[in-house]
Each structure stands twice: as C-alpha cells, then as structure tokens.
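Both backbone and side-chain heavy atoms feed into the values below; hydrogens, waters and symmetry mates do not.
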Amino acid sequence: MSVALAIAVLFGVFFLLLFAGVPISVSIAISSMMTALFFLSWEQSTFVVMQSMNLGTESFTLLAVPLFIFAGNIMNNGGIARRLIDLAQVLAGRIPGSLAHTNVLGNMLFGSLSGSAVAAAAAVGGTLHQRQKDEGYDPAFSTAVNVASAPTGLLIPPTAAVIVYSTIAGGVSISALFMAGYGPGILMGLAVMAIAFLYARKHNYSISGKTSARLALQILLRAIPSLLLIVVVVGGIVFGVFTATEGAGVAVLYTLILSLGYRSMSWADFRQVLTRTVSTTGVVMFLIAASSAMSWVMAYTGIPSAISNAMLSISDTRFVILLLMLLVLLVIGTFMDITPAILIFTPIFLPVVTELGMDPVHFGIVLILAMCIGTMTPPVGSVLFVSCGVSGVSIERVAPRLIPYFGVLILVLLAVTYIPVLSLGLPQVMGLLE
C-alpha cells in the first residue's frame, strides 16, 4: 500500500502540474517533495530532497553537458553548418530529390557535431528550405524530411544525451555508448532517405547538377576541419586519450578556433553564444538536480522494484515486456523532452531490462532512439515546432506527411530493440564490450 501511495502521489502530482503548464523541472521537484512528505517529516523531507538535488549535480562527468552545449552553440554561429551542407549536397547530388537527401545528410553531420536536434533543424532546415521551394519541392514534404532527420544527431556521437544516461545509469561506459549510437543513428537517417526517395520519384523531383571533381574536392577540403571534430573528440574518448568531460573541453576549444579561422563569429555573436549557453545550462542542470531528488524518492519508496515486479508479472516473455516498455516510451515522448525522459525512466526501466538480460548500453540506445521519435510529435515535439517555424508551414500541413516517417522509424526502433547487434556490434568489435 505504501508503494501504491507513493506512485499515486508522485506521478499524480507530476502529471497534474505538467498539464497545468508548470515547467517540467519544477513539476518534478514539487512532486518529489510532496511524496517525501507522506513518509518523512518536513525537516527530513526538506533536508533529503535538497541534499539529493545538490549531490545530483556534483559530478565531474556532468561537466561535459554544459561544455557540449557551449560547443554546439559556437557551431551554430561559426559557419560550420554551411560547409557541412555543401558536403552533403555533393554526396546526395545524383539521387532523385537530392535536396531532401542533402537535408538528411546535413542533419546527420551537423546534428552529430552540435549534439542538438533543435539546432540541426534550425540550421540545416533554415538553409535549405528556400532552395527546395525554388526547385519546386512541396514545402510540407521538405519540412517533414527536416523534422524526421534532425533527431539523428542525438544518437550519432558526440552527444550530451548519452552522457546524461551514463550518469543516471550508474556509470555505463560512455565510450561504448558512443560507438553503439552509430549503427542506429545511421539506420535512422537511411530510413528517412528511403521514404524521401520514394516520394521524390513519385513526384519527379529534380536531381542536382553534376558537381565537377575539382569543386567537389574544394568542398571536401573546406569541410574536413569540421569533420575532424568527430575524429578528435570521439576518438580521444573511445581510445582513452581523455575523459568525456575533457573531450567536451577539447570540443569547445576546437570549435572556437575553427570559428575564428572561418572569421564567421563577431564579439557580439560570442556574447550571445555565452548567454544562450548559460541559459540552457541552467535549465538542464536544474532539471538534473530535480530528477535526482525524484530518483531518491523512488528508490526510498521502492517504486522501481514495484514497477519491475508488476511488468514481469504480466509476462515472463522478453518480447512482450520490451514491447510494453516501447509503447510507454513512445507515448511519454509525445509530451516530454529527451533529457527529463532519460532522467525519470532510466531508474524505472533499467532494473526491468537488466532482469531480462538486456545490456545497459543496448537499453540506453533504445531509450534515446524512442525519445528521438518523441521530439517529432505534438504536443511537445520541439523539433517539429522549430522546423515548422523555420519553414513557415503549419503543423496541420506537415503532420500527415510525417506519418510514413513515423512508421519507418518505429520499424527501426523495433529492429534496434530486438536485434542487439545493430547497436552492440561496433563496441564489441572495438573491445569496449564483452
């Protein structure tokens, strides 16, 4: 009964506040405090909740999060997106609907470097939208392609989402998580390109003009310094040259030098970058602090083990339990952003999947992939709103065009969930997993 009461109070208050429009971090903190008051005195509850919030942010690994945010903001203003889009157009230039494929590849490249689906949707979509419109592309189709492909950067490293999951999951190898994200991230991008290809052929969309070998080489050389960021940061972390936090610091220094070299960021731009970084970091770190308090309350009241036992009592079949988990995550993703979802549902579902023999690295990738799909869906789909804002196309027009992408991405999610080698193969080959 005490566990049932804790679940009712914790999630009842949380969802009530959430639907009332209270910010999610505040909703988490208040619901955690109210649940603690049912089991502890006011003094004990206040002390424990505040202490949990403080300890939740006292992590050297978490320092990588604001640093990666800083690096991503520098990239948005540093002229890097333009060079990556040019490279993507060279790669996709001879495919029907080439500008749509350029959008996908551009989001995969820029999203992986910036670690932000929203930044990729704004930078790449904003750059390509008018060009696609001028060549006769349906604006709703172009926007849907941008929406569906922007979240790939949340899987392809380096990405802050992996670092948050690693911290909450008790120190799961960041190197293994980075390598595990490549397969699903690339598969996600290819799935979007397949749908775009079929649509482009049906509507006879044009192929970009052939790029001369000399121009293609020039574009590649201009993009190489940006692409080297992946090699330097991810390679350094995976091969133990530096930690994830040190790698994030290297990313900041590298992108800053690159932006100065491109002469594409003024002092006023840099001040705006700093302001955005501080603002975003404040939101993210308070969210992590509040979620740490919720994690403590759940552990104290036995909620994760109760949910684990309840799910395992429904069926002892791995296939059914994982399918139920995916359904919950897909529904949650429609109204919750990726960071709070990771913070809340990792301590709930990780014990369940561990009991089923699922590797924590595999689960982390499945969780992030499910939340990537959530960023595309209303009512809280951040990527959907940003993409529609950039293109000026209404959500009502874009939503029907997204249905085929939802279908194929759910198939990718099922494949990654039930075929572990798609995510674990690369880290196992590299000796990062047994």
Side-chain angles (χ1 to χ4, degrees), residues 108 148-149 151-157 159 161-162 165-166 168-170 172-173 175-195 304 307-334 336 338 341-342 344-377 402-430 432-434:
M108 292 173 71
S149 60
T152 55
L154 297 174
L155 280 167
I156 302 173
T159 169
V162 160
Y165 170 76
S166 172
I168 300 301
V172 177
S173 170
S175 298
L177 285 165
F178 272 0
M179 291 297 101
Y182 274 113
I186 293 171
L187 190 61
M188 186 178 177
L190 291 175
V192 174
M193 291 179 74
I195 298 298
I307 293 176
S308 175
N309 292 334
M311 291 187 71
L312 293 173
S313 67
I314 295 174
S315 172
D316 56 359
T317 305
R318 175 188 174 103
F319 179 88
V320 174
I321 297 298
L322 292 179
L323 187 60
L324 287 173
M325 182 189 73
L326 293 180
L327 289 173
V328 171
L329 292 176
L330 287 172
V331 171
I332 291 297
T334 62
M336 188 177 292
I338 185 167
I342 291 172
I344 294 171
F345 290 96
T346 296
I348 292 176
F349 286 133
L350 187 57
V352 178
V353 299
T354 302
E355 184 74 19
L356 295 172
M358 189 178 193
D359 191 287
V361 171
H362 183 197
F363 169 69
I365 299 302
V366 169
L367 173 61
I368 294 171
L369 177 53
M371 291 301 105
C372 283
I373 298 175
T375 63
M376 302 161 49
T377 56
L402 280 172
I403 293 174
Y405 298 103
F406 284 137
V408 74
L409 291 178
I410 288 173
L411 290 177
V412 170
L413 175 62
L414 291 171
V416 172
T417 302
Y418 293 111
I419 308 175
V421 71
L422 292 177
S423 56
L424 300 183
L426 186 56
Q428 286 174 341
V429 168
M430 298 185 67
L432 300 172
L433 287 175
E434 295 182 0

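Here the CG atom belonging to L414 is positioned 9.5 Å from the CD1 atom belonging to I419, to the nearest 0.5 angstrom. Note that CD1 of I332 is 11.5 Å distant from CG of L327, once rounded to the nearest 0.5 Å. Distance CZ/F406 to CG/L411: 13.5 Å, rounded to 0.5 Å. In this structure, the separation between CD on Q428 and CE on M179 is 14.0 Å, given to the nearest 0.5 Å.
For the pair I168 and P347, the minimum side-chain heavy-atom distance is below 4.5 Å. You'll find the side chain of I410 stays beyond 4.5 Å of the side chain of L326, heavy atoms only. Side chains of L323 and Y418 form a contact here, defined as non-hydrogen atoms less than 4.5 Å apart. Residues I321 and F349 form no side-chain contact, since every pair of their non-hydrogen atoms from C-beta on lies 4.5 Å or further apart. Looking at heavy atoms from C-beta onward, S149 lies out of side-chain contact with Y405 at the 4.5 angstrom threshold. Taking the side chain as every heavy atom from C-beta outward, L329 and M371 approach each other to under 4.5 Å. Side chains of M311 and I307 form a contact here, defined as non-hydrogen atoms less than 4.5 Å apart. The closest side-chain heavy-atom distance from V162 to P157 is not below 4.5 Å.
Heavy atoms only, all atoms of each residue included: M188 and P151 are closest at CE-CB, 3.9 Å. Minimum heavy-atom separation, L154 to C372: CB-SG, 3.7 Å. Scanning both residues, M108 and G185, for their nearest heavy atoms gives CE-O, 4.1 Å. Of all heavy-atom pairs spanning T152 and G189, the tightest one is CG2-N, 3.9 Å. Minimum interatomic distance between A161 and I342 (heavy atoms only, all atoms of both residues): O-CD1, 3.8 Å. The two residues L409 and A148 have their closest heavy-atom pair at CD1-O, 4.1 Å.
Take S313 and apply the side-chain contact (heavy atoms from CB on, under 4.5 Å) test, not counting sequence neighbours, and it matches no residue.
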Q | Derivation of the side chain to side chain contact (heavy atoms under 4.5 Å, CB included) call for I186 and L155 | A | CA-CA 9 Å; I186 293 171; L155 280 167; over 6 Å; no
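When atom types are taken as modelled, the side chain of T159 and the backbone of I156 share no donor-acceptor pair closer than 3.5 angstrom. Between the side chain of T346 and the main chain of A169, no donor-acceptor pair closer than 3.5 Å is present. A donor-acceptor pair under 3.5 Å is absent between the side-chain atoms of T317 and the main chain of V320, judged by distance alone.
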Residues 361-370 side chain polar contacts: donor-acceptor under 3.5 Å, at least two apart:
from: H362; atom 1: NE2; to: V416; atom 2: O; distance (Å): 2.7
from: H362; atom 1: NE2; to: T417; atom 2: O; distance (Å): 3.4

